[in-house]
Colleague: 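Here it is: the structure, laid out below.
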Number of protein chains: 2
Amino acid sequence: MAGRTVREEQVSATRELILTAAERLFAERGVLAVSNRQVSEAAGQGNNTAVGYHFGTKADLVRAIARKHQVRIEEIRARLLAETGDSTDVRDWVDCLVRPVPEHLAALGSPTWFARFCAQVMTDPVLQQIMVEESMTSPSLRKIVEGLNRCLPELPADVRAERGEMARHLIVHMAADRERALAENTPTPRASWHDAATGLGDAVVALWTAPVTPTGR
Amino acid sequence: MAGRTVREEQVSATRELILTAAERLFAERGVLAVSNRQVSEAAGQGNNTAVGYHFGTKADLVRAIARKHQVRIEEIRARLLAETGDSTDVRDWVDCLVRPVPEHLAALGSPTWFARFCAQVMTDPVLQQIMVEESMTSPSLRKIVEGLNRCLPELPADVRAERGEMARHLIVHMAADRERALAENTPTPRASWHDAATGLGDAVVALWTAPVTPTGR
DNA sequence: TGGTAAGTCAAGCACCTGACTTAATCTCCC
DNA sequence: GGGAGATTAAGTCAGGTGCTTGACTTACCA
């Protein structure tokens, strides 16, 4: 697939070099704390404008990193989605929602940086929108939400939205926490990414199926 | 309480000016995207070193902002803690955990910036530690955790830690989401901070009391 | 009331950043 | 085999940054 010609191979190789260097630096020091120059140097490019040449602005670089991973995550999600079929068990749909990211991180092998990168981008006031654009285009994600809604028909729309946000936050930030703990050799609550996803699934199922105490609205 | 002398009053006034200006800029544009110079100017200080003079480094400024709010939040938490006494109902303890931040934000009046600021600082690789230091010293927080543990004696320690992290993430980021929606005039799932806290409490109670599916550890 | 110290202001410093320019290098395709 | 075009290297530039310096203002207190 990649690099039909020698030239294209080289180019995509340096692009990949820049992407991984940027991902690492961003995760460890913060997206805004790292300059494009530093990324170029860390990628072994003597040219200090290599990032600008290949990707444009820093926002474009962030988008490229996000997209690279989203492709793989989307594959996993589609596979899980196919496995659950038309289940009416909340747990099955929650697994579709929860497992792709941890499974992707497990597949990358240690160490990883994407979860921390992701958590940062998702909370930054200006970068946030990039991530939303990248992830909300997923067709399988839409189907999962629909499947979940079918399992929980009596849940008010507002609460549904609220709990969707909650689930998203938990998935992203718990993965980032675990990734950071692994990077720093700090103890983690779970032995593996798979177990971590199980714990996350327990929580998210409970969260979705929790009774709604009425408010004065 | 503040400003025994005229001089001290002026000083604490400019300090306050800097703190609120910084909080607003940090929340809206990102902590690292805003320079100390910009903060000084936004605070109406012609001097571009005002931040440096009064607070030192940017990390110190962040710490000062965090501390200012933590004091008020701690008061609310202590009050709620006294009200729950020695309850054995998980919901009571969860309310102690969940309500202080939304209640504090409600008391500040609209618009607020602290929740967004907080979410950023909590996910930044270098600033994170500051926030942890500031919030983990809370004695009432320790008592709440202990009370919660008493209600859930059979929960494994690892899962306890895991779900504590989850609750923390939910509290911070859901508050930030709501705050952002209010700032942008976007619809919010809940009509008030109090209702938002109720929804959050529903989720966190469910999360803590969820059954633990065994893993291979 | 005058000295003192704290706070404010303005200017300058070295450094870093993104953007631009120019030159060298190399693959591709005719 | 050679020119065209794309990629990398290297140097430059203006603007912004944190930090330092020194002079000025002002409230405090002996």
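Reminder, nothing fancy here: chain letters follow the sequence lines and each chain counts from 1.
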Colleague: Provide, to the nearest angstrom, the distance between the CZ atom belonging to Phe55(B) and the P atom belonging to dG7(C).
Modeller: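 Rounded to the whole Å, the gap is 12 Å.
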
Colleague: List the steps and the verdict of side-chain hydrogen bond (donor to acceptor under 3.5 Å, both in side chains) for Thr215(B) and Thr198(A).
Modeller: CA-CA 8 Å; Thr215(B) 60; Thr198(A) 302; over 6 Å; no

Colleague: Does Thr49(A) put a side-chain nitrogen or oxygen below 4.0 Å from OP1 or OP2 of dA9(D)?
Modeller: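 Checking Thr49(A) against dA9(D): no side-chain N or O falls below 4.0 Å of OP1 or OP2.
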
Colleague: How are the rings of Phe114(A) and His69(A) set relative to one another: parallel (under 30°), tilted (30 to 60°) or perpendicular (over 60°)?
Modeller: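 Judged by the thresholds at 30° and 60°, the geometry between Phe114(A) and His69(A) is parallel.
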
Colleague: Start with the C-alpha distance between Arg116(B) and Glu28(B), add both sets of side-chain angles, then the distance that settles salt bridge (Lys or Arg N to Asp or Glu O under 4.0 Å), and finish with yes or no.
Modeller: CA-CA 8 Å; Arg116(B) 284 168 286 172; Glu28(B) 291 175 348; 5.3 Å; no

Colleague: Examine the side chains of Glu179(B) and Thr112(B) and answer whether a donor and an acceptor come within less than 3.5 Å of each other.
Modeller: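 Note: Glu179(B) and Thr112(B) side chains meet the donor-acceptor criterion.
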
Colleague: Under the side chain to side chain contact (heavy atoms under 4.5 Å, CB included) criterion, do Arg24(A) and Leu19(A) qualify, and how do the steps go?
Modeller: CA-CA 9 Å; Arg24(A) 196 184 70 237; Leu19(A) 282 178; over 6 Å; no

Colleague: Measure the distance from CG on Leu17(B) to C1' on dC9(C) and round it to the nearest whole Å.
Modeller: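 Distance, rounded to whole Å: 16 Å.
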
Colleague: What integer distance in Å separates Glu41(A):CD from dG18(C):C1'?
Modeller: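 Value for this atom pair: 13 Å.
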
Colleague: To the nearest angstrom, how far is Tyr53(B) atom OH from dG7(C) atom P?
Modeller: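 It is 4 Å, rounded to the nearest whole Å.
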
Colleague: Go nucleotide by nucleotide along DNA chain D from the 5' end; which of Arg15(A) and Gly52(B) gets its closest nucleotide reached first?
Modeller: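 Result of the comparison: Arg15(A).
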
Colleague: Mind calculating the distance between CG (Asp60(A)) and C1' (dG18(C)) to the nearest angstrom?
Modeller: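 Nearest whole value for this atom pair: 14 Å.
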
Colleague: Under 3.5 Å, which protein N or O atoms sit close to an N or O of nucleotides 12-17 of chain D? Give each pair with its distance.
Modeller:
unit_1	atom_1	unit_2	atom_2	d
dT17(D)	OP1	Ser35(B)	OG	3.2

Colleague: Using a heavy-atom cut-off of 4.0 Å across all strands, would you classify Thr57(A) as base, sugar-phosphate, or nothing?
Modeller: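 The answer is nothing, as Thr57(A) stays clear of every strand by at least 4.0 Å.
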
Colleague: Between P on dC16(C) and CG on Leu32(B), what's the gap in Å once rounded to a whole number?
Modeller: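 That distance rounds to 17 Å.
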
Colleague: For salt bridge (Lys or Arg N to Asp or Glu O under 4.0 Å), just list the numbers for Arg168(B) and Glu165(B), CA-CA rounded to whole Å, side-chain angles, deciding distance to a tenth of an Å, and then say yes or no.
Modeller: CA-CA 5 Å; Arg168(B) 198 189 68 229; Glu165(B) 282 182 54; 5.0 Å; no

Colleague: Do Ser138(A) and Glu74(A) get their side chains close enough for a donor-acceptor pair, meaning under 3.5 Å?
Modeller: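 There is such a pair between these side chains.
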
Colleague: In this structure, how many angstroms lie between the C1' atom of dC24(D) and the CD atom of Gln45(B), rounded?
Modeller: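 Checked: the CD to C1' distance equals 16 Å.
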
Colleague: What's the CG-P distance between Asn47(A) and dG11(D), to the nearest Å?
Modeller: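 Interatomic distance, CG of Asn47(A) to P of dG11(D): 12 Å.
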
